[in-house]
2 protein chains.
Amino acid sequence: MKNRLKVLRAERDWTQAQLAEALEVSRQTINAIEKGKFDPSLPLAFKAARLFKLPIEDIFDDEVETK
Amino acid sequence: MKNRLKVLRAERDWTQAQLAEALEVSRQTINAIEKGKFDPSLPLAFKAARLFKLPIEDIFDDEVETK
DNA sequence: TGTCTAAGTCAAGTGTGCTTTACAAAAAGA
DNA sequence: TCTTTTTGTAAAGCACACTTGACTTAGACA
């Protein structure tokens, strides 16, 4: 699952730690999600959507990565 | 987490088993999600959104249940 | 060069999403 | 009523979302 967290962070000049705090998860969790290590839970995706005021589909991308 | 799966099923006259098959999960998983026993994973939420051609937010509701 | 911050990663542990198997309860049809 | 279908639920097990703690790497800057 791809996601735009890194870009959305950059647009706001936030660190992984700051985003983690805003979403009430650990910094390692943010890092792992950004690096594609695992997918966030649905509740966490909702939290991110509310934080960035974007639909979940605009933050996370379920399509297969064709790297 | 509330959800409209039961209604969306009813609109299409589908059983839990049929929805489970369409989403490639077990019937018990559909039942548990409909009954609020646990939240679906984000990938499963994406699958449901594609199946029903609706945004994830139109199927699942992260707001606190005020029963 | 040395220091500070941000990012990346690993290990071990906890909780939960989802499975299969099985059975009971409820609904629907004859 | 009898039978079939659908829904609800439980137990045991596996995989993964997420945690804390610790360590490394890289960049910025004095």
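The sequence lines fix the lettering, A, B, ..., with proteins before strands; numbering per chain opens at 1.
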Practice task
Please report the closest heavy-atom contact between A:A49 and A:P55, naming both atoms and the distance.
Solution key: CB-C, 4.4 Å
Problem - Separation of D:dC16 P from A:L44 CG (nearest whole Å) - result: 18 Å
Practice task
Kindly give the heavy-atom pair with the smallest separation between B:N3 and B:I33, and that separation in Å.
Solution key: ND2-O, 2.9 Å
Problem - A:R9 side chain to A:W14 backbone, donor-acceptor under 3.5 Å - result: yes
Exercise for the section: Return the value, rounded to whole Å, for the distance between atom CD of A:E34 and atom P of D:dA17. Expected result: 16 Å
Problem - Distance, rounded to the nearest Å, where A:F60 contributes CZ and D:dA17 contributes P - result: 12 Å
Practice task
Considering non-hydrogen atoms only, spot the tightest contact between B:L54 and B:R4 and give its length.
Solution key: CD1-NH2, 4.3 Å
Practice task
Give the rounded distance in Å between these two atoms: CZ of A:R27 and P of D:dT20.
Solution key: 12 Å
Exercise for the section: Check every nucleotide of DNA chain C for an atom under 4.0 Å from a heavy-atom of chain A, then give the first and the last such nucleotide from 5' to 3'. Expected result: C:dA6 to C:dC10
Exercise for the section: Could you check whether B:T29 gets within reach of a base, just the sugar-phosphate, or nothing at all, counting any heavy atom under 4.0 Å? Expected result: base
Exercise for the section: Provide the closest heavy-atom pair for B:Q16 versus B:I30 in the form atom of the first, atom of the second, distance. Expected result: O-CG1, 4.0 Å
Exercise for the section: Indicate whether OP1 or OP2 belonging to D:dT7 is found under 4.0 Å from a side-chain N or O atom of B:K35. Expected result: no
Handout entry: Non-hydrogen atoms of A:D62 and B:R50 that approach each other most closely
Key = OD2-NH1, 2.8 Å
Handout entry: Donor-acceptor contact present, side-chain B:E21 to main-chain B:Q18, <3.5 Å
Key = no
Exercise for the section: Figure out the CG/C1' separation between A:N31 and D:dA22, and round it to whole Å. Expected result: 15 Å
Exercise for the section: Within residues 4-25 of chain B, find the residues that approach DNA chain C with a heavy atom at under 4.0 Å, and present them sorted by residue number. Expected result: B:E24, B:V25
Handout entry: Nearest-angstrom distance from the residue atom CG of A:L42 to P of D:dC18
Key = 10 Å
Completion exercise
What one should report as the nearest heavy-atom pair of A:E57 and B:I56 is OE2-N, 2.9 Å
Practice task
May I ask you to say what B:S41 touches in the nucleic acid, namely base, sugar-phosphate or nothing, with a heavy-atom cut-off under 4.0 Å?
Solution key: sugar-phosphate
Practice task
Report the distance from atom NZ of A:K47 to atom P of D:dA17, rounded to the nearest whole Å.
Solution key: 17 Å
Problem - Distance, rounded to the nearest Å, where B:D39 contributes CG and D:dC18 contributes C1' - result: 14 Å
Problem - Test item: A:E34 side-chain N/O and A:N31 main-chain N/O as donor-acceptor pair under 3.5 Å - result: no
